[in-house]
Amino acid sequence: MDETIDNLEKINKPKADIIRSLWDKVKQNPQEYAGTSISQLVEDLINKENHRLMQEFADKYKVDYNDLRYVINNYVLMGTVLVKKVWQK
């Protein structure tokens with residue numbers, strides 16, 4: 001799993017960071033995650049991070065969050081990566 005995350009980090013570091021953080025928690029306390037869908041947890045964490053990034057972007061540039069979300073979801077390829085890149089400028 002660590003190698004898979006390392007490979008993902010080369011093409012999508014933000015996503016790899018989220019997965020690595022969860023994977024570290026799973027390794028430290030596997031019984032806490034027994035019977036849990038790890039893929040669902042990853043998806044939830046990614047969605048939370050997407051929301052956080054879009055909210056920060058909307059606040060910084062004074063755009064409506066719902067409009068921004070609509071544009072990213074419907075017109076922007078790999079929206080999270082784009083928002084992250086724009087936000088870091």
Side-chain angles (χ1 to χ4, degrees):
M1 184 68 171
D2 290 317
E3 185 178 330
T4 301
I5 296 170
D6 290 342
N7 289 334
L8 177 61
E9 188 173 43
K10 295 173 187 172
I11 58 171
N12 192 335
K13 184 168 176 13
K15 189 173 186 179
D17 290 345
I18 291 168
I19 295 170
R20 186 180 312 281
S21 174
L22 177 60
W23 179 236
D24 289 343
K25 290 176 186 176
V26 170
K27 289 190 299 188
Q28 290 173 4
N29 197 359
Q31 63 275 14
E32 183 177 326
Y33 296 93
T36 303
S37 170
I38 299 300
S39 62
Q40 184 61 52
L41 286 175
V42 168
E43 186 176 332
D44 292 346
L45 290 170
I46 289 169
N47 287 338
K48 280 183 184 179
E49 181 65 5
N50 285 346
H51 172 76
R52 185 188 71 75
L53 289 170
M54 287 188 290
Q55 190 63 60
E56 285 182 13
F57 185 95
D59 291 345
K60 181 177 181 177
Y61 294 102
K62 309 296 186 228
V63 297
D64 181 77
Y65 171 81
N66 290 323
D67 291 344
L68 175 63
R69 188 178 71 184
Y70 179 84
V71 169
I72 288 173
N73 288 338
N74 292 287
Y75 298 105
V76 179
L77 180 63
M78 297 187 307
T80 303
V81 175
L82 178 61
V83 170
K84 183 101 174 158
K85 285 180 182 177
V86 171
W87 178 249
Q88 291 175 342
K89 287 186 179 178

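For this chain, numbers begin at 1 and follow the sequence in order.
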Which value, rounded to the nearest 0.5 Å, describes the distance between Arg20 atom CZ and Lys15 atom NZ?
14.5 Å
Glu3: which residues meet the side-chain hydrogen bond (donor to acceptor under 3.5 Å, both in side chains) condition with it, sequence neighbours left out?
none
Looking at Asp6, Asn12, Ile5, which one forms a side-chain contact (heavy atoms from CB on, under 4.5 Å) with Leu8?
Asn12
Does the side chain of Ile19 come within less than 4.5 Å of Met1's, by heavy atoms?
yes
Closest non-hydrogen atom pair, Leu68 against Phe57:
CD2-CD2, 3.5 Å
Give the minimum heavy-atom separation between Glu32 and Thr36, together with the two atoms involved.
O-OG1, 4.2 Å
Is there a side chain to side chain contact (heavy atoms under 4.5 Å, CB included) between Val42 and Ile46? Walk through the geometry before answering.
CA-CA 6 Å; Val42 168; Ile46 289 169; 3.6 Å; yes
Looking only at the side chains, is there a donor atom on one of Asp59 and Gln55 sitting less than 3.5 Å from an acceptor on the other?
yes
Pair Glu9-Asn7, side-chain hydrogen bond (donor to acceptor under 3.5 Å, both in side chains): steps then yes or no:
CA-CA 5 Å; Glu9 188 173 43; Asn7 289 334; over 6 Å; no
Do NZ/NE/NH1/NH2 and the carboxylate oxygens of Lys13 and Asp17 come within less than 4.0 Å?
yes
Can you check side-chain hydrogen bond (donor to acceptor under 3.5 Å, both in side chains) on Asp44 and Gln40, steps first, answer last?
CA-CA 6 Å; Asp44 292 346; Gln40 184 61 52; 2.8 Å; yes
Side-chain ion pair, Lys60 and Glu56, N-O less than 4.0 Å
no
For Tyr65, check ring pair (Phe, Tyr, Trp, His ring centres under 6.0 Å) against everything at least two apart and list the hits.
His51
Might you work through the side chain to side chain contact (heavy atoms under 4.5 Å, CB included) test for Asp2 and Trp23, ending with a clear yes or no?
CA-CA 8 Å; Asp2 290 317; Trp23 179 236; 3.2 Å; yes
Within the structure provided, determine whether Asp67 and Val71 are in side-chain contact (heavy-atom separation under 4.5 Å).
no
Whether the Asn47 and Glu49 side chains hold a donor-acceptor pair (N or O, under 3.5 Å, no angle test) is what I'd like checked.
no
Is Lys25 atom NZ crowded by more than 12 heavy atoms from other residues, nucleotides or ligands, each under 6.0 Å away?
no
Would you call Arg69 and Asp64 a salt bridge, taking side-chain N to carboxylate O under 4.0 Å as the test?
no
